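Notes follow the structure.
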Amino acid sequence: MQTPLAFLNDAKRITVFAGHYGSGKTNAAINYALALRDFHDQVMIADLDIVNPYFRTKDGAKVLEKKGIRLISSPFANSNVDTPALPPDTYAILDNKEAYGVLDVGGDDRGALALGRYVPSLLKEQNYEMLLVINRFRPLTQNAEDTEEIVREIEQAAGLSFTGIVHNSNLGYETTAADVLHSIPYAEDVSKRLQLPIRMTTVSEHLCGELTNQIENLLPMTIYVQQSWEHGV
Amino acid sequence: MSEKVLVKGNEALAKAAIAAGCRHYFGYPITPQTEVAAYMSREMPKVDGVFLQAESEIAAINMVIGVASTGKRVMTSSSSPGISLKSEGLSYLAGCDLPALVVNVQRGGPGLGSIQPSQADYFHATRGAGHGDFHMIVLAPNSVQEMYSLTFKGFELADKYRMTAMLLADGTMGQMMEPVSLDVGEVTKVEKPWALTGTKGARKPNIVNSLFLVADELEKYNFERYKKYEIVEQNETLYEEYRMEDAEYVIAAFGVASRVSKNAIDEARAKGIKVGMIRPITLWPFPKAPFAKAAETAKAFVSVELSMGQMIEDVQLATKCKRPVLLCNRVGGMIPTTNDVLAAIDKAVEVGGAE
């Protein structure tokens with residue numbers, strides 16, 4: 001068995017998380033940044049989500065701070081100002097070549113538009129990875145064909161192509177190990193169709209024990225963007 | 001049963017509308033319900049439907065009136081400030097006895113307010129949606145599953161009674177993601193002989209109108225409409241009871257407030273306090289009967305709301321003020337916490353137990 005998370009040794013300097021909105025980008029990005037911190041001294045994460053004012057990386061701010069990860073987010077995030085503002089210090093990630101950076105991009109093509117202004121820097125440095133977060137249980141990305149449609153829109157808006165996949169199929173708090181296992185053929189279909197490798201599979205921490213010998217490059221997820229009313233249905 | 005999907009509340013209601021046979025959506029974007037329009041703009045063309053971003057909320061509701069006149073299923077959606085703009089149209093829909101579905105994903109108010117969740121449009125939805133005497137059927141979901149099922153039901157009820165059905169959600173319901181089963185019943189085919197479909201020279205023209213200058217004629221329509229409302233009250237009231245079997249203290253809560261309350265009830269029960277909940281699912285018609293019954297034995301009531309206390313008036317009316325009714329509330333976009341509700345339960349024990 002491989003050392004868990006060993007794949008993070010080969011992380012590119014900058015990792016971009018993008019995908020269909022609601023695919024789980026923010027939670028994946030936060031958990032990835034936290035895991036990355038165990039391998040590298042300087043880790044920063046930037047919240048570039050200009051689309052969704054309700055759930056943003058800033059919600060996980062305390063956890064990140066505690067682990068010494070710098071969070072770069074819009075001064076208006078989680079305030080009542082409904083302004084699609086990008087954090088001005090995102091360039092700190094691009095300019096500080098010693099640091100490992102995570103960019104959490106908003107959903108769909110509209111969210112990806114915000115990435116555009118950083119693309120010249122990313123292309124110049126080349127040391128980046130742009131990851132597509134996918135969830136088979138989202139209604140508009142239930143098969144490879146539909147997923148590709150959204151992928152092409154995102155790539156066009158961002159002006160950057162994906163280099164890998166984060167498989168994050170889940171049904172929220174109802175997710176079982178079987179749900180994840182049954183979604184593997186979907187992830188493989190997407191991988192084949194888009195000619196992109198599956199870089200990691202993200203699963204809720206409590207399912208990791210069951211899945212660790214069955215799936216490569218597993219990243220355990222703790223949900224940091226969660227509210228008090230999530231249960232009690 | 002089909003496999004579940006993970007969806008946002010706003011997407012769920014949009015999906016349900018399409019499943020219910022709605023092929024006409026008119027709207028204008030506003031947080032926190034913009035995903036409805038985003039979803040419709042992508043999906044309506046795939047089912048030969050119409051998505052139209054109107055130039056304003058007022059334009060959108062008037063387009064709804066137009067399509068409703070033809071007997072087609074039609075909807076618009078907005079959030080609190082936008083719903084205020086639609087008020088005139090809501091009155092006209094009622095005056096014309098037209099079926100339509102209107103969604104309000106509430107945010108903090110008054111004025112432009114905040115973009116965070118609120119329930120402060122309860123009075124608007126149940127009492128003052130516009131000028132004149134009228135009611136809408138008001139449905140209050142408390143999960144993404146109900147965002148789906150109650151939207152579907154709203155279309156059915158609207159057609160059945162030629163009324164406007166309003167889905168009264170809040171920002172959390174619109175934004176939260178939960179697993180949902182997309183199974184729904186069959187769409188009921190309702191004959192609409194009143195609809196403006198073209199006479200083809202074969203029948204007398206239909207007229208859809210809310211202007212009646214002869215006073216006793218207008219009076220007659222009002223009386224008839226309120227007879228219909230009585231039938232709706234008798235047949236369509238929906239509510240859910242939680243741990244009410246032996247409840248001495250009763251929480252009244254709907255939407256997101258009911259979810260927080262459920263957690264608080266479980267904690268209070270663990271401490272030995274006999275507390276339960278009546279969750280109105282239709283806010284109009286309000287479930288008066290279970291509250292009246294509870295007032296016979298309960299010691300006190302607590303209304304948990306994201307408003308300055310609006311539903312509390314219906315609880316007081318339904319219980320005829322037999323027992324004290326306390327208010328537990330947060331406003332402006334804040335949500336009561338489990339501890340807020342527990343503190344209110346303690347207060348109810350103090351007030352109710354003393355009498």
Side-chain angles (χ1 to χ4, degrees), chain A residues 20-27 50-56 59 76-84 106-111 133-143 146 149-150 153 168-176 178-179 182-183 186 223 225-233, chain B residues 3-8 10-12 14-15 30-32 34-35 38-39 42-43 107-108 112-117 142-146 170-180 182 240 242 253 255-266 277 332-333 335-341:
Chain A
H20 179 36
Y21 91 95
S23 58
K25 292 175 300 297
T26 296
N27 275 314
I50 55 165
V51 174
N52 195 332
Y54 264 66
F55 300 114
R56 302 173 102 155
D59 292 331
F76 301 115
N78 284 12
S79 74
N80 272 340
V81 185
D82 195 0
T83 303
D108 291 345
D109 47 345
R110 285 159 294 145
V133 183
I134 55 170
N135 179 359
R136 180 175 70 90
F137 295 99
R138 293 285 292 144
L140 297 182
T141 58
Q142 296 204 283
N143 58 53
D146 290 352
E149 192 183 320
I150 286 172
E153 289 170 4
N168 184 43
S169 286
N170 75 89
L171 266 174
Y173 49 77
E174 281 187 17
T175 315
T176 63
D179 290 331
H182 290 158
S183 301
Y186 158 75
I223 306 303
V225 185
Q226 199 172 33
Q227 316 287 336
S228 66
W229 31 258
E230 295 243 331
H231 298 280
V233 185
Chain B
E3 193 179 46
K4 286 187 175 182
V5 288
L6 186 68
V7 289
K8 273 195 165 194
N10 285 333
E11 293 175 305
K15 280 181 95 66
I30 180 171
T31 305
T34 300
E35 291 87 358
Y39 187 90
R42 184 184 271 271
E43 294 303 300
R107 56 189 253 180
L112 216 42
S114 72
I115 59 168
Q116 310 298 339
N142 86 337
S143 64
V144 177
Q145 184 68 62
E146 282 192 355
D170 64 67
T172 49
M173 289 301 130
Q175 295 295 321
M176 70 163 68
M177 281 180 86
E178 287 182 328
V180 166
L182 300 178
E240 180 195 35
Y242 182 65
V256 66
S258 69
R259 295 177 63 138
V260 179
S261 298
K262 211 168 201 174
N263 293 333
I265 287 166
D266 291 342
M277 173 166 67
I335 301 172
T337 62
T338 310
N339 282 338
D340 290 336
V341 180

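These figures come from a predicted structure and were not determined experimentally. Below, chains carry the letters A, B, ... as their sequence lines are ordered, and counting in each starts from 1.
- Interatomic distance, B:Glu35 CD to A:Tyr21 OH, rounded to the nearest 0.5 Å: 4.5 Å.
- Considering only heavy atoms from C-beta on, A:Arg138 stays 4.5 Å or farther from B:Val5 through its side chain.
- The contact between A:Asn170 and chain B is made by backbone and side chain atoms together, counting heavy-atom distances below 4.5 Å.
- Contacts of B:Ala38 with chain A are made by side-chain atoms alone, with heavy-atom separations under 4.5 Å and no backbone atom involved.
- Contact count against chain B (heavy-atom pairs under 4.5 Å) is highest for A:Leu140 among A:Thr175, A:Leu140, A:Asn135, A:Asp108.
- Contact detail for B:Pro179 and A:Glu174: the closest heavy-atom pair is CG-CD, 3.5 Å.
- Put simply, CD on A:Gln142 and CD on B:Glu3 are 7.0 Å apart, with the number rounded to the nearest 0.5 Å.
- Contact of the A:Ile150 side chain with the B:Arg42 side chain is registered, since non-hydrogen atoms from C-beta on lie closer than 4.5 Å.
- Between B:Lys4 and A:Phe137, the shortest heavy-atom contact is O-CD2, 3.6 Å.
- For a residue to count as touching a neighbouring chain, one of its non-hydrogen atoms must lie under 4.5 Å from one of that chain's; by this rule B:Glu43 touches chain A with the side chain only.
- Between A:Pro139 and B:Leu6, the closest heavy-atom pair is CD-O, 3.5 Å.
- Residue contact with chain A, scored on non-hydrogen atoms closer than 4.5 Å, is absent for B:Glu146.
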